[in-house]
Amino acid sequence: MDALIEPLIRSPRLPRLLDQLRSYAAEEAARRQRFYDEMREDRKMEFINGEVVVQSPARARHIEVTGRLLRLLAAFTAVHRAGRVFSEKALVCLTRNDYEPDIAFFGPEKAAGITPDQMKFPAPDLVVEVLSPTTEHIDRGVKLEDYAAHGVAEYWIIDSDAEVIEQYLNDSSGNYRLVGRRGEGDVGATVIPGFTIPVRSVFEEDENLRVLREIVG
C-alpha cells in the first residue's frame with residue numbers, strides 16, 4: 001500500500017477528507033479545461049498541480065543547447081526511421097499535469113499513432129529538460145516524479161551552465177535511477193538503439209556539426 005494513503009485509511013476523518021478531495025479535484029478539472037481553452041501558441045505554458053505556469057523567455061545558452069541536441073535527434077530518427085522527436089510546443093498530457101518538455105521523443109509504436117493535427121501527446125519514451133534558474137526545482141521535482149510514474153523510460157536533465165548531462169532510467173518500481181552525469185565522453189539513449197553521441201556535441205557547435213555529418217552520411 002502507498003505510504004501516503006495508509007494514514008488516511010486509518011483516519012476517522014477519511015469520509016470528510018474524501019469529500020474535500022472530490023471537491024478540489026472537480027475545481028482543478030475546471031481550471032485545467034480553462035487552461036486548454038486559453039492556451040496560446042506564442043507562449044510556453046504548463047499546467048502543474050492545479051496551477052498555470054507561464055515560462056519566462058529562455059537564455060541564448062539554453063536555446064542553443066536544446067537546438068543542438070534536437071538537431072542530432074531529429075536527424076538520427078529521420079535517417080533510421082526510429083520514431084519522432086518534438087521540441088517545446090508538444091503538450092504532454094499526463095494524468096494530472098500538462099508539460100511542454102524542451103525535447104520529447106516518441107518511439108516507433110507511439111509515433112505511429114500521432115496525427116498531423118494532434119495537439120495533446122501521451123507520455124514520451126524519452127524526455128529532455130534543459131535547466132534554467134526559474135524551472136530547475138520543477139525539472140528536478142514534480143516533473144522527475146511525474147515522468148517516472150507515467151512510464152517515461154528515460155529522462156535527461158541538461159545543465160547548460162555546468163555543461164553536463166544527467167541520464168535517468170526508469171526502474172521496475174516506477175522511479176528514476178541516475179545512471180550517469182557526464183561532461184565528457186559519450187552518452188547514449190537506451191530507448192533509441194544506436195543513438196550515441198559525444199557529450200561535447202551538445203555544448204560545442206563545431207563538434208555538433210561534425211556528429212551531424214556522420215549521422216546523415
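This is a predicted model, so every value here is computed, not measured. Residue numbers run from 1 in the order of the sequence given.
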K.L.:
Please examine the side chains of Ser160 and Arg59, heavy atoms only from C-beta on, and report whether any two atoms are closer than 4.5 Å.
P.N.:
yes

K.L.:
Can you confirm whether Gln118 is buried at CD, in the sense that more than 12 heavy atoms of other residues, nucleotides or ligands lie under 6.0 Å from that atom?
P.N.:
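Atom CD in Gln118 is crowded, with more than 12 foreign heavy atoms closer than 6.0 Å.
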
K.L.:
By salt bridge (Lys or Arg N to Asp or Glu O under 4.0 Å), which residues pair with Glu51, not counting sequence neighbours?
P.N.:
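In terms of salt bridge (Lys or Arg N to Asp or Glu O under 4.0 Å), with neighbours along the sequence ignored, Glu51 is linked to no residue.
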
K.L.:
Going through the distances and angles, do Glu214 and Arg210 end up as a salt bridge (Lys or Arg N to Asp or Glu O under 4.0 Å)?
P.N.:
CA-CA 7 Å; Glu214 289 184 355; Arg210 183 190 70 78; 2.6 Å; yes

K.L.:
Is there a donor-acceptor pair under 3.5 Å between the side chain of Glu136 and the backbone N or O of Leu131?
P.N.:
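No; judged by distance alone, with no hydrogens or angles, the pair does not exist.
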
K.L.:
Do Leu69 and Trp156 have side chains that get closer than 4.5 Å, going by heavy atoms?
P.N.:
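Yes. Closest side-chain heavy atoms under 4.5 Å.
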
K.L.:
Looking at Glu109, I want to see if its CD is surrounded by more than 12 non-hydrogen atoms of other residues, nucleotides or ligands under 6.0 Å.
P.N.:
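Counting other residues, nucleotides and ligands, CD of Glu109 stays at 12 neighbours or fewer.
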
K.L.:
Hey, what do you get for OG1 (Thr77) to CZ (Phe195), rounding to the nearest 0.5 Å?
P.N.:
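Rounded to the nearest 0.5 Å, the OG1-CZ separation comes to 8.5 Å.
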
K.L.:
First locate atom CZ of Arg10, then atom CD1 of Ile5, and finally report the distance between them rounded to the nearest 0.5 Å.
P.N.:
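That separation rounds to 13.0 Å.
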
K.L.:
Given Glu166 and Tyr176, is the side chain to side chain donor-acceptor pair (under 3.5 Å) satisfied, shown in steps?
P.N.:
CA-CA 11 Å; Glu166 298 175 11; Tyr176 281 129; over 6 Å; no

K.L.:
Taking side chain as C-beta onward, heavy atoms only, is Phe76 less than 4.5 Å from Ile197?
P.N.:
no

K.L.:
Are Lys44 and Asp102 close enough for a salt bridge, meaning some N to O gap below 4.0 Å?
P.N.:
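Result for this pair is yes, salt bridge flagged.
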
K.L.:
Check the hydrophobic clustering (I, L, V, M, F, W, Y; side-chain heavy atoms under 4.5 Å; chains of links allowed) and say if Ile48 and Val52 are grouped together.
P.N.:
no

K.L.:
Nearest 0.5 Å please: distance from the CG atom of Leu17 over to the CZ atom of Arg22.
P.N.:
11.0 Å

K.L.:
Are the side chains of Leu94 and Tyr147 in contact, using a 4.5 Å heavy-atom criterion?
P.N.:
yes

K.L.:
Sub-3.5 Å donor-acceptor pair from the side chain of Ser11 to the main-chain atoms of Pro7, do we have one?
P.N.:
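No: the side chain of Ser11 does not pair with the backbone of Pro7.
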
K.L.:
A side-chain contact here means heavy atoms from C-beta on lying under 4.5 Å apart; do Ile114 and Phe86 qualify?
P.N.:
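Ile114 reaches Phe86 side chain to side chain.
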
K.L.:
Determine whether a donor-acceptor pair (N or O, by modelled atom type, separation under 3.5 Å) exists between the side chain of Asp125 and the backbone of Gly107.
P.N.:
yes

K.L.:
Determine whether Val92 and Val54 fall in the same hydrophobic cluster, where Ile, Leu, Val, Met, Phe, Trp and Tyr are linked whenever their side-chain heavy atoms lie under 4.5 Å apart.
P.N.:
no

K.L.:
Do Arg96 and Asn49 pass the side-chain contact (heavy atoms from CB on, under 4.5 Å) test, and can you show the C-alpha distance, the side-chain angles, and the key distance before you say yes or no?
P.N.:
CA-CA 7 Å; Arg96 184 182 184 188; Asn49 292 347; 3.6 Å; yes

K.L.:
If you look at every heavy atom in Pro108 and Ala82, which pair is closest and at what distance?
P.N.:
CD-O, 3.2 Å

K.L.:
Taking atom CD1 of Ile165 and atom CG of Asp186, what is their separation to the nearest 0.5 Å?
P.N.:
10.5 Å

K.L.:
Quick one, Tyr168 and Val152 - any side-chain contact, counting heavy atoms below 4.5 Å?
P.N.:
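Result no, sub-4.5 Å side-chain heavy-atom pair not found.
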
K.L.:
In the structure I gave you, are the side-chain heavy atoms of Leu212 and Arg68 within less than 4.5 Å of one another anywhere?
P.N.:
no

K.L.:
Out of curiosity, does Val142 fall in the hydrophobic cluster containing Val130 (side-chain heavy atoms, cut-off under 4.5 Å, transitive links)?
P.N.:
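In one cluster: no.
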
K.L.:
Please lay out, stage by stage, how Arg200 and Glu163 fare under the test salt bridge (Lys or Arg N to Asp or Glu O under 4.0 Å).
P.N.:
CA-CA 8 Å; Arg200 301 313 305 167; Glu163 296 191 348; 2.5 Å; yes

K.L.:
Give me the other members of the hydrophobic cluster that Val179 sits in, counting Ile, Leu, Val, Met, Phe, Trp and Tyr linked by side-chain heavy atoms under 4.5 Å, directly or via other members.
P.N.:
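Val179 shares its hydrophobic cluster with Leu169.
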
K.L.:
Provide the closest heavy-atom pair for Lys89 versus Arg43 in the form atom of the first, atom of the second, distance.
P.N.:
NZ-O, 2.7 Å

K.L.:
Validate the cation-pi geometry between Arg182 and Phe203: distance from NZ or CZ to the six-membered ring centre under 6.0 Å, angle to the ring axis within 45°.
P.N.:
no

K.L.:
Does any part of the side chain of Tyr155, heavy atoms only, come nearer than 4.5 Å to the side chain of Asp139, both counted from C-beta?
P.N.:
yes

K.L.:
Determine the minimum heavy-atom distance between Lys110 and Pro124, stating which atoms define it.
P.N.:
NZ-O, 3.7 Å

K.L.:
Return the NZ to CE distance between Lys120 and Met39, rounded to the nearest 0.5 Å.
P.N.:
6.5 Å

K.L.:
Going only through I, L, V, M, F, W and Y residues with side-chain contacts under 4.5 Å, is there a path from Leu126 to Val65?
P.N.:
yes

K.L.:
To the nearest 0.5 Å, how far apart are CZ in Arg61 and CG in Asp161?
P.N.:
5.0 Å

K.L.:
Closer than 4.0 angstrom, basic N to acidic O: yes or no for Glu38 and Arg34?
P.N.:
no

K.L.:
Which atom pair, heavy atoms only, marks the closest approach of Glu184 to Val199?
P.N.:
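Residues Glu184 and Val199, closest heavy atoms: O-CG2, 3.6 Å.
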
K.L.:
Considering all heavy atoms of both residues, which atom of Glu28 and which atom of Phe47 are nearest to each other, and what is their separation?
P.N.:
O-CZ, 3.8 Å

K.L.:
Taking it one step at a time, do Tyr36 and Asp98 satisfy side-chain contact (heavy atoms from CB on, under 4.5 Å)?
P.N.:
CA-CA 10 Å; Tyr36 293 147; Asp98 303 281; 2.8 Å; yes

K.L.:
Report the C-alpha distance between Met45 and Leu91 in whole Å, list the side-chain angles of each, state the deciding distance to 0.1 Å, and finish with yes or no for side-chain contact (heavy atoms from CB on, under 4.5 Å).
P.N.:
CA-CA 9 Å; Met45 302 171 63; Leu91 187 70; over 6 Å; no

K.L.:
Could you see if Ile157 belongs to whatever hydrophobic cluster contains Tyr99? Use Ile, Leu, Val, Met, Phe, Trp, Tyr and a side-chain cutoff under 4.5 Å.
P.N.:
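Same cluster.
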
K.L.:
For a quick test of reading the model, state the closest non-hydrogen atom pair linking Ile138 to Val53 and the distance between them.
P.N.:
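Heavy atoms only, the tightest pair is CD1-CG1, 4.5 Å.
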
K.L.:
Could you walk me through whether Gln167 and Glu154 pass side-chain contact (heavy atoms from CB on, under 4.5 Å), step by step?
P.N.:
CA-CA 7 Å; Gln167 183 181 23; Glu154 192 164 349; 2.7 Å; yes

